Protein chains: 2
Amino acid sequence: MNEVSNFFKSAFSIDNVIFGFDEGDLKVLLIKRGTEPYKGLWALPGDLIYPNEGLETAANRVLLELTGLQKVYLEQVHAFGAVDRHPLGRVITIAYFSLVKISDFVVTPSSFAQKAKWHSVAKAQEQTLAFDHNDILDTCFDALKSKVRVRPVGFELLPPKFTLTELQHLYEAILRTPLDKRNFRKKILSMHLLIDLDEMQEGVPHRPAKLYQFDKKRYHKFEAEGFSFELKESKSKDQKRRIEEIIEG
Amino acid sequence: MNEVSNFFKSAFSIDNVIFGFDEGDLKVLLIKRGTEPYKGLWALPGDLIYPNEGLETAANRVLLELTGLQKVYLEQVHAFGAVDRHPLGRVITIAYFSLVKISDFVVTPSSFAQKAKWHSVAKAQEQTLAFDHNDILDTCFDALKSKVRVRPVGFELLPPKFTLTELQHLYEAILRTPLDKRNFRKKILSMHLLIDLDEMQEGVPHRPAKLYQFDKKRYHKFEAEGFSFELKESKSKDQKRRIEEIIEG
DNA sequence: CTCTCTTAGTGTAAATAGTACGGCAATAAC
DNA sequence: GTTATTGCCGTACTATTTACACTAAGAGAG
């Protein structure tokens, strides 16, 4: 077998797709590159991994430097290692996504020393990003979409107190599909994972909504009993009809 | 930002969890290490990634060298990068799992030049493997378990013609839960993804079963229409009762 | 104070999907 | 022909999902 030392010619990095939710829209935090390569293009925040640093540690470091936030939801998604993905050498990058509550950090000066900005995910996906960051963003967005169906991670994006409508909008933004209001509420409430705070929204120019909180403790108890959070992909009549057609002929 | 060249002190590898299905049991292909470190222990097949080699290419190469198989199902799962995971240096490894039909390769001499052997996954998980390969195996097994619920990948492990009972045993082995025979058949057949070959099993000492084939073409058509394969995790009465208790109390 | 605007909140019937469960049928071996 | 083994089938019950439309509450304008 080849000696390890023969292969010391590559570098690792992490890239972090930081998602936030604001104004009813799913956002991603991007940085404008100030140096070559890809100077002037928007890129995902990331950095090379230090020699004595674990992968997740590196991802958390990037997040902390940029947002000042610690202990946020972070999940590894995929390693990207196309030979030519970095013009300066072989760099394999490991992509993470994290979910932050935008309201949690009021633009600390340090965090925006580099020009960082929230972008609508949909718009970011349409423009050209640096490196293979379009791939990475797409992959991480898809990972979030899948995750949100099977784990209650959406709450990581909302403030601690939220309304059912906000929650629904969040799911609609992530799943990119409209949901029926009554069915959504019924489903969510039937999981018994929301605490009704007996508080009302304030300062809204219309009927105020009730505020809820995610019941993390209960969720952990449920998990221990093998309970599984599930938001099924629902099939429309149209889809069913077209599937019928394939079966018939 | 740090120069890329400062970081040229690490290596990448891939490790491949190769799953097979035989004798009603899920198997994994392991190699006995002939050299230090971890000499004598069983390990996942893997190798360092060559400087000009993509990640998936490397994973396929390892697979090809070991089994002689090409074009098998391969999926990236997770990158493992604990600082001390390799005693000889910093090596970040990217774990893949692949699904092979054991019947496809009749132990080619070259493939077993290194001592490779199929192990029951359950037993492999109980013994100590080299490096962090227990972690990797567990993670990949869980990934397979999740995957099998939402994509019809199980067929990759079966010969082209199989019986419904074989298919059920496969799912039971992966999900590690017994399934009701009639309900399983009903569910699978209702998906219209199996072609009834009008052929019978031969040489079995009991009533022979019908043979089926997975209808890949139709599945791709369904996919294009947004159809989603789904095998739900079913909750037992017991589980439901315990969840009720949490809600009440 | 009343009218308007906006969003919150609610129920039910029909269809679909999931669950639990027992007995006869076909073959090979003896 | 008897036995052992596995294949194959159907129904009643329950739970979940779907589709769908109106009234309620508050803010703001006049």
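Quick caveat, the model's predicted, so the values are computed rather than measured. Throughout, a chain's letter reflects where its sequence line sits, starting with A, and its residues are numbered from 1.
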Rounded to whole Å, CG of B:Leu211 lies from C1' of D:dC8 at a distance of 15 Å
Excluding sequence neighbours, so at least two apart, what forms ring-ring contact (aromatic ring centres under 6.0 Å, His included) with A:Tyr96?
-> none
Is any side-chain nitrogen or oxygen of B:Lys210 closer than 4.0 Å to OP1 or OP2 of D:dG7?
-> no
Distance in angstrom units between A:Arg185 CZ and C:dT10 P, rounded = 7 Å
When we call it a touch if two heavy atoms are under 4.0 Å apart, what does B:Ser190 touch: a base, just sugar-phosphate, or nothing?
-> nothing
Roughly how many Å is it from CG in B:Leu167 to P in D:dC8, rounded to a whole number?
-> 13 Å
In whole angstrom, what separates A:Leu164's CG from C:dT7's C1'?
-> 13 Å
May I ask you to decide if the ring planes of A:Phe229 and A:Tyr219 are parallel, tilted or perpendicular, using 30° and 60° as cut-offs?
-> perpendicular
Scoring nucleotides 20-30 of chain C by protein non-hydrogen atoms under 4.0 Å (B base, S sugar-phosphate only, - none) yields BBB--BBBS--
Closest contact, heavy atoms only, A:Tyr212 versus A:Asp196 | CD2-CA, 3.7 Å
Can you tell me the distance, in whole Å, between the CD atom of A:Glu230 and the P atom of D:dA15?
-> 17 Å
Salt-bridge present (B:Arg241, B:Glu245; N to O < 4.0 Å) | yes
Return the value, rounded to whole Å, for the distance between atom NZ of A:Lys187 and atom C1' of D:dA15.
-> 11 Å
Just how far, in rounded Å, is C1' of C:dA17 from CE of B:Met191?
-> 12 Å
Tell me what A:Thr163 touches on the nucleic acid: a base, only sugar-phosphate, or nothing, going by heavy atoms under 4.0 Å.
-> nothing
Have a look at the helix from C:dC1-D:dG30 to C:dC30-D:dG1 and give the angle its two end axes make, five pairs each, rounded to 10 degrees.
-> 10°
Taking OP1 and OP2 of C:dA8, is either one under 4.0 Å from a side-chain nitrogen or oxygen of A:Thr165?
-> yes
Shortest non-hydrogen separation from A:Leu164 to A:Leu194 and the atoms involved | CD2-CD1, 3.6 Å
Distance-only polar pair, side chains of B:Asp138 and B:Gln125, donor-acceptor under 3.5 Å | yes
Just how far, in rounded Å, is C1' of C:dT7 from CD of A:Glu166?
-> 12 Å
Got B:Ile174 and B:Phe19 here, is their nearest side-chain heavy-atom distance under 4.5 Å?
-> no
State which residue, out of A:Gln213, A:Lys161, A:Lys210, fulfils the side-chain hydrogen bond (donor to acceptor under 3.5 Å, both in side chains) condition with A:Glu199.
-> A:Lys161
Assign the ring pair B:Trp42 / B:His119 to parallel, tilted or perpendicular, where the plane angle (0 to 90°) is split at 30° and 60°.
-> perpendicular
